[in-house]
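In this chain, residues are counted from 1 in sequence order.
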Amino acid sequence: MTTGDKQTFYITTPIYYPSGKLTIGNSYTTIAADTLARYKRAEGYDVFFLTGTDEHGLKIEEKAEANHMQPQEYVDMMAAKIKDLWKLLEISNDKFIRTTDDYHVKAVQNIVERLIKQGDVYLGEYTGWYSVDDEEYFTESQLAEVYRDKDGKVIGGKAPSGHEVQLVKEPSYFFRMGKYADRLLKYYEDNPTFIEPEIRKNEMINNFIKPGLEDLAMSRTSFNWGVPIPDDPKHVVYVWVDALLNYITALGYGTDDDSLFKRYWPANVQFVGKEIVRFHTIYWPIILMALGIDLPKQVFGHGWLLMKDGKMSKSKGNVVYPEMLVERYGLDSLRYYLMRAMPFGNDGVFTPEDYVDKINYDLANDLGNLLNRTISMVNKYEDGKVTTVENVTDFDQSLIDASKDAIKEYRQHMDKFEFPEALASVWAFISRANKYIDETKPWLLAKDPEAKQELAAVLGHLVESLRLIALMISPVMTQSPKKIFAQLGLDYDKDTVLEFGETSVGTTVTSDPKPIFPRLDADEEVAYIKGKMAEEQAKNGNGKLSKSAQAKAQEQKDNDDGFPKEIEFDDFAKVKMVVTEVLDVKPVENSDKLLQFKLDDGTGIDRQILSGMHKYYPDYKELIGKKILAVVNLKPRKMVGEWSNGMLLSTEKGDEVKLAIVDNSHKNGAILG
């Protein structure tokens with residue numbers, strides 16, 4: 001939709017269930033949505049960004065009782081804490097909705113009564129298994145584990161989440177889901193990007209729609225903490241129906257003032273975790289169809305932030321809280337890490353080592369050093385002033401071209417929510433700018449009286465490059481861009497020009513530069529994070545594997561051939577394998593095993609990978625021009641003083657080892673999948 005001269009953009013997060021303290025896993029979704037909202041605002045969109053809390057249900061009622069509080073008192077306390085957390089993380093949401101808000105409650109009641117009157121909802125009786133923790137109903141066949149008595153009768157079990165279920169038998173209002181199944185499938189077909197990534201759509205179709213959509217039990221009578229149905233107040237609305245409606249009630253749908261709804265709906269994208277994709281891509285669109293409302297343009301189901309021992313969970317004690325990381329390392333390191341380390345469509349793994357490495361290598365070494373070197377040289381050689389960005393040296397235009405490529409790639413990736421790839425484009429330009437310093441050698445130009453113009457131009461190009469870098473990282477990192485601009489002597493609030501030009505000319509850089517990312521003692525900081533995690537584990541009484549966990553670990557032991565029995569599809573999907581072309585190859589100094597490969601992986605930036613192939617390819621030059629498969633999303637590692645950015649794929653049979661070479665018809669950068 002367009003309002004005035006601006007195109008609107010509506011983005012939502014799931015509303016969070018305030019049954020406990022939020023972790024960095026919960027924060028991830030909100031920071032991702034905030035990153036997109038900030039980017040779209042910078043691109044000139046009229047953005048509305050919604051987040052909030054889902055405050056009804058049996059679990060909340062039980063939590064409140066356990067804390068000797070009334071439910072409203074409990075959710076008031078928890079909502080305040082979540083708002084404080086979003087303030088700490090500098091989340092720029094336009095509205096924070098609570099499902100206990102009066103206007104939301106009234107709108108939900110009106111909507112449910114309408115659905116009853118038009119025949120989409122009917123009164124019946126529900127008998128089945130219910131997980132309080134998940135606020136979700138399950139059939140016996142959907143349970144991950146079933147408990148039986150000595151006669152074989154089912155007496156309980158566990159939901160796929162691992163939470164216990166209980167038998168529920170009570171009157172319930174049911175939503176006729178099956179009535180809309182064909183229409184929903186047609187919508188999937190007509191709108192192929194409605195559910196992203198595509199694997200989520202396949203899960204919905206094959207696991208839930210094709211087997212036949214069961215009618216949804218959408219009310220409860222066994223507890224009171226919920227939205228009562230006005231004409232039958234002993235029934236409260238099922239928490240998931242109540243929660244999903246927030247995306248339109250927050251805009252005023254069902255109230256006297258629905259101007260925001262008319263302005264921003266349908267949502268451009270709704271970010272959700274993969275565990276709640278079903279609610280957002282089956283229940284939610286069907287409810288909207290019944291109401292005659294347009295469906296959101298896209299639901300994006302991102303992966304989980306995992307720990308080495310699986311999903312982050314308070315019950316496991318393997319949680320990391322954002323407050324600790326922000327207090328110790330600053331906000332921008334957390335926001336950068338989550339957006340850089342997590343492949344947005346798939347699961348990512350948090351480790352203290354990786355977190356500290358990202359700060360040291362990406363932030364302190366790459367970005368921090370570029371800023372420090374530039375400011376120091378402008379002060380030392382040009383009395384702190386930027387006088388020109390004219391092209392004078394042989395390397396100036398190539399730096400400008402690199403900035404244009406980076407900006408183009410950055411925008412392409414940001415528009416597709418590919419945040420790690422967008423940041424990779426920026427960091428490739430940071431590397432190019434650092435290389436530019438080595439190419440132009442300002443310290444030598446400063447010694448040549450006839451090179452004054454060249455020196456001034458080189459330093460101007462570097463300052464202008466840093467200005468662009470600061471603008472590109474600003475949707476992710478909210479504080480560092482302002483610090484960079486301040487050190488460059490520029491006004492952050494008045495600069496939105498994402499194009500290499502003369503913006504920096506006339507500025508005077510700070511005479512007192514300070515590192516914005518001090519380098520960390522890796523061992524000390526890894527130990528600190530692990531210590532904090534251990535404290536949380538101790539609080540939850542964890543530390544030893546349960547018998548069931550031990551049994552599961554035993555089951556997953558390797559087979560005789562050294563490979564795991566089986567892995568999940570999401571584990572395989574994390575590995576990015578592409579076709580690369582060997583541009584050059586040579587032995588690595590001080591190593592009789594390693595070859596140093598220079599590769600074209602289709603990104604436009606040469607990739608260096610070290611591989612222990614010297615023994616198998618003594619005539620290694622014959623590999624130049626060959627197309628080789630490589631894993632390109634491995635964490636870089638240093639070997640014999642050289643960085644290796646990925647891994648070449650090879651086959652092994654007996655003593656014979658061969659690189660995985662494909663024919664030249666495959667394009668560089670083509671993904672193996």
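In this structure a side-chain-to-backbone donor-acceptor pair under 3.5 Å is missing from Lys416 to His413. Not a single donor-acceptor pair under 3.5 Å links the side chain of Gln596 to the backbone N or O of Gln608. For the pair Lys593 (side chain) and Lys615 (backbone), a donor-acceptor distance under 3.5 Å is absent. Although no hydrogens or angles enter the test, the distance criterion places a donor-acceptor pair under 3.5 Å between the side chain of Arg335 and the main chain of Leu89. In this structure, Lys627 contributes its side chain and His666 its backbone to a donor-acceptor pair below 3.5 Å. For Asp332 (side chain) and Thr478 (main-chain N/O), a donor-acceptor pair under 3.5 Å exists by modelled atom type. Remark: side-chain polar atoms of Gln397 are not paired, donor with acceptor, to backbone N or O of Asn391 under 3.5 angstrom. Listed for the Asn360 side chain is no donor-acceptor partner under 3.5 Å among the backbone atoms of Asp357. Side-chain atoms of Tyr355 come within 3.5 Å of backbone atoms of Leu334 as a donor-acceptor pair (strictly under, hydrogens ignored). Panel note: side chain Asp347, backbone Trp304; a donor-acceptor pair is recorded below 3.5 Å.
Inspection of the Asn93 and Thr51 side chains reveals no N or O donor paired with an N or O acceptor under 3.5 Å. In this model, a donor atom of one side chain and an acceptor atom of the other lie less than 3.5 Å apart for Ser398 and Arg432. A donor and an acceptor atom, one from each side chain of Ser92 and Arg41, are located under 3.5 Å apart. Using a 3.5 Å distance cut-off with no hydrogens or angles, the side chains of Thr393 and Glu454 do not pair a donor with an acceptor. Between the side chains of Thr12 and Gln270, at least one donor N or O sits under 3.5 Å from an acceptor N or O. Residues Asp362 and Tyr337 have side chains that never bring a donor and an acceptor to within less than 3.5 angstrom of each other.
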- Message: Show, in sequence, the C-alpha distance, side-chain angles and deciding distance for Glu464 and Arg467, and conclude whether the salt bridge (charged side-chain N to carboxylate O under 4.0 Å, His left out) test is met.
- Response: CA-CA 5 Å; Glu464 183 67 0; Arg467 184 187 71 82; 2.8 Å; yes

- Message: The test is side-chain contact (heavy atoms from CB on, under 4.5 Å); show your working for Leu305 and Leu338 and say whether it passes.
- Response: CA-CA 9 Å; Leu305 182 59; Leu338 291 177; 3.8 Å; yes

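Using cut-offs of 30° and 60° on the angle between ring planes, the pair Tyr336 and Trp427 is tilted.
More than 12 heavy-atom neighbours from other residues, nucleotides or ligands sit within 6.0 angstrom of CD on Gln412. Within 6.0 Å of the CD atom in Glu622, the count of heavy atoms belonging to other residues, nucleotides or ligands exceeds 12. Atom NZ of Lys358 sits in a crowded spot, with more than 12 heavy atoms from other residues, nucleotides or ligands closer than 6.0 Å. The number of heavy atoms from other shown groups lying within 6.0 Å of NZ (Lys621) is above 12. By the 6.0 Å contact criterion, CD on Glu327 is open, its count of non-hydrogen atoms from other residues, nucleotides or ligands being 12 or less.
Here the closest heavy-atom approach between residue Thr8 and residue Tyr45 is recorded as O-CD2, 4.1 Å. Here the closest heavy-atom approach between residue Ala433 and residue Leu462 is recorded as O-CD2, 3.8 Å. Considering all non-hydrogen atoms of both residues, Ala406 and Ser425 come closest at CB-O, 3.8 Å. Between Leu399 and Phe429, the shortest heavy-atom distance links the atoms O-CE1, 3.6 Å.
Here the CD1-CG distance, from Ile609 to Asn645, works out to 7.5 Å after rounding to the nearest 0.5 Å. Separating the CZ atom in Phe395 from the CD atom in Glu439 is a distance of 5.0 Å, to the nearest 0.5 Å. Distance CD1/Ile484 to CG/Leu371: 5.5 Å, rounded to 0.5 Å. We find the CE-CE distance between Met324 and Met533 to be 8.0 Å, quoted to the nearest 0.5 Å. Between the CD1 atom of Ile407 and the CZ atom of Arg411 there is a distance of 6.5 Å, given to the nearest 0.5 Å. For the atom pair CG of Asp46 and CZ of Phe9, the computed distance is 12.0 Å after rounding to the nearest 0.5 Å.
Ile91 places a side-chain heavy atom less than 4.5 Å from the side chain of Phe49. Side-chain contact between Met613 and Leu648 is absent, with no heavy-atom pair separated by less than 4.5 Å.
A ring-centre distance under 6.0 Å is found for His302 and Tyr28.
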